[in-house]
Protein chains: 2
Amino acid sequence: MRKPGVSKTRESILKFIPDFIDQRGYSPTVRDIVKGCQLSSTAVVQHHLNVLEKAGFIHRDPEVFRSIQLVEKDIIAVPLLGTVAAGQPIPVPDSNSWTSTPEESLKLPRDLVGGRDNIYALRVKGMSMIDALIADGDIVVMESAQNMEDGEMAAVWLKEEQEVTLKKLYREPGRLRLQPANEQMKPIYVKPENVELQGKVVAVLRKLNR
Amino acid sequence: MRKPGVSKTRESILKFIPDFIDQRGYSPTVRDIVKGCQLSSTAVVQHHLNVLEKAGFIHRDPEVFRSIQLVEKDIIAVPLLGTVAAGQPIPVPDSNSWTSTPEESLKLPRDLVGGRDNIYALRVKGMSMIDALIADGDIVVMESAQNMEDGEMAAVWLKEEQEVTLKKLYREPGRLRLQPANEQMKPIYVKPENVELQGKVVAVLRKLNR
DNA sequence: TTGTTCTATAAACGATTGTTTCATAAACAA
DNA sequence: TTGTTTATGAAACAATCGTTTATAGAACAA
């Protein structure tokens, strides 16, 4: 082989595919890749594509032209499972919610939710979340999670107060500190027994007008 | 013609294409459309696709299989033009900013910005926008606009105070009322000469963690 | 060395698919 | 009616493109 650097043929293919899609709007053919990556035969590409598919990087429909897809899509559909209002728990999805068709779903750029699983969205009703800088009509993107790290924004249900609140959560000896997103506001302190973790807040989305 | 309702063949094609793309991840062939819309010949589809392309609904690359694309894409790249901080005007893009490559760009779902033009995004630095329920690190999506309707969220530069603020804007006799998004806060009233409109707020985006 | 595995080259086959042609039917205006 | 434009149908052609086969070089271990 004359080109020593081409040992990374596969990575060059993996880089070429999204470039091509971005530029042309559809997937490359085997022969497009031959040209684009300066290879000399379709069989090389065929082989590498098989490897890449087996490794889970791409997906192809057999016998379908231009069907190469990067497995990581850049847009994701998040189910909009309901609304949050003052004085009532956040709807926590059970296993059914994921399979049954949600009333509505939200298309979000993948990088907004990262690689997380179990993502869902809720519409906020009323101004009860105002100390988390969340207004009526905002959409919160949640991750249902059992454990949190200090400083993460969590949705917690306060049993005594019978209300849900969105706060940054810090463990302290014998108590939890709930810190509002609005740093000018004072934190509140609660007993661990009084809180029920309902999820992490992944993102907040506010659409003005229309 | 046996089917009288098929006068809307074209609309059925226009509906079929995104459905197919959503489901399969690539564009349909002429023959896929024949099946999907229950037509009987590729020539019919060919004809309608030509009409649709001339009308600007779709785009095709001649001789390229599966190259049909809907002209309206569902994701849009918004230039991230800078940051907003307390006590300094919002960077208003000049004509250069649109052509020159921005440092960064933000992929957003198209429906977030609607059909608007002249959209750009800014990262908020500091807590100076807290009364608009906007925190440090939030991203505001702006539309550069000359005129506003009452009740729209605007970014205005207050000349005397030398600061920018995000408020809902209402015209009143002899003055402007600037209403914070946080309805618990009082509005402020300013003379029209004291304000300089810098844009409309289209959306707010808050990404937590990572 | 030998064998094995991964990668590269060349060429050909055959399926998929865009395009064209010709003929027919419908819709509509003058 | 007549003519004109637009939509439909069936079939065939030609280009694109996925796939296969057969061969060989390179890297590496035993």
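Numbered from 1 within each chain, the chains take letters A, B, ... in sequence-line order.
Look at CZ on Phe65(B): it is 11 Å from P on dT16(C), rounded to the nearest Å. dG18(D) atom C1' lies 13 Å from atom OH of Tyr26(B), rounded to whole Å. As rounded to whole Å, 12 Å separates atom C1' of dT17(C) from atom CZ of Phe20(B). When rounded to the nearest whole Å, the span between CZ of Arg60(B) and C1' of dT19(C) equals 9 Å. With rounding to whole Å, Gln38(B) atom CD is found 16 Å from dT8(D) atom C1'. In this structure, Arg24(B) atom CZ and dT16(C) atom C1' are separated by 13 Å, rounded to whole Å. Taking atom CD1 of Ile33(B) as the reference point, atom P of dT19(C) lies 12 Å away to the nearest angstrom. Summarising the geometry, the separation between CG on Leu49(B) and P on dT19(C) is reported as 9 Å, rounded to the nearest angstrom.
No donor-acceptor contact under 3.5 Å links the side chain of Thr9(A) to the base of dT7(C).
Note: Phe65(A) and Phe65(B) have parallel aromatic rings, judged against thresholds of 30 and 60 degrees for the angle between ring planes.
Atom CZ in Arg24(A) sits 8.5 Å away from atom OG in Ser67(B) (nearest 0.5 Å). Going from atom CD1 of Ile13(A) over to atom CD1 of Ile58(A) covers 8.5 Å, rounded to the nearest 0.5 Å.
Comparing His48(A) and Arg31(A) by the nucleotide of DNA chain C whose heavy atom lies nearest to each, the residue mapping closer to the 5' end is His48(A). Mapped onto DNA chain D by nearest heavy atom, Thr42(B) and Val30(A) fall at different nucleotides, with Thr42(B) at the one closer to the 5' end.
At a threshold of 4.0 Å, the pair Arg66(A)-Asp32(A) counts as salt-bridged, since one of the basic side-chain nitrogens sits closer than that to a carboxylate oxygen. A salt bridge does not link Arg60(B) with Glu53(B): every distance from a Lys NZ or Arg NE/NH1/NH2 to an Asp or Glu carboxylate oxygen is 4.0 Å or more.
Of the candidate nucleotides dT21(D), dT16(C), dG18(C), dT21(D) has the atom nearest to the side chain of Ala43(A). If you check dT8(D), dC17(D), dT7(C) against the side chain of Val44(B), the one that comes closest is dT8(D). Of all nucleotides listed (dC17(D), dT19(C), dT20(C)), dC17(D) comes nearest to the side chain of Val64(B).
Base engagement by Gln46(A) is indicated by at least one non-hydrogen atom pair under 4.0 Å involving a base atom. Note on Ser41(A): a base of the nucleic acid sits closer than 4.0 angstrom, heavy atoms only.
For the pair Arg66(B) and dC17(D), the criterion of a side-chain N or O lying under 4.0 Å from OP1 or OP2 is not met. Not one side-chain nitrogen or oxygen of His47(A) sits closer than 4.0 Å to the OP1 or OP2 atom of dT20(D).
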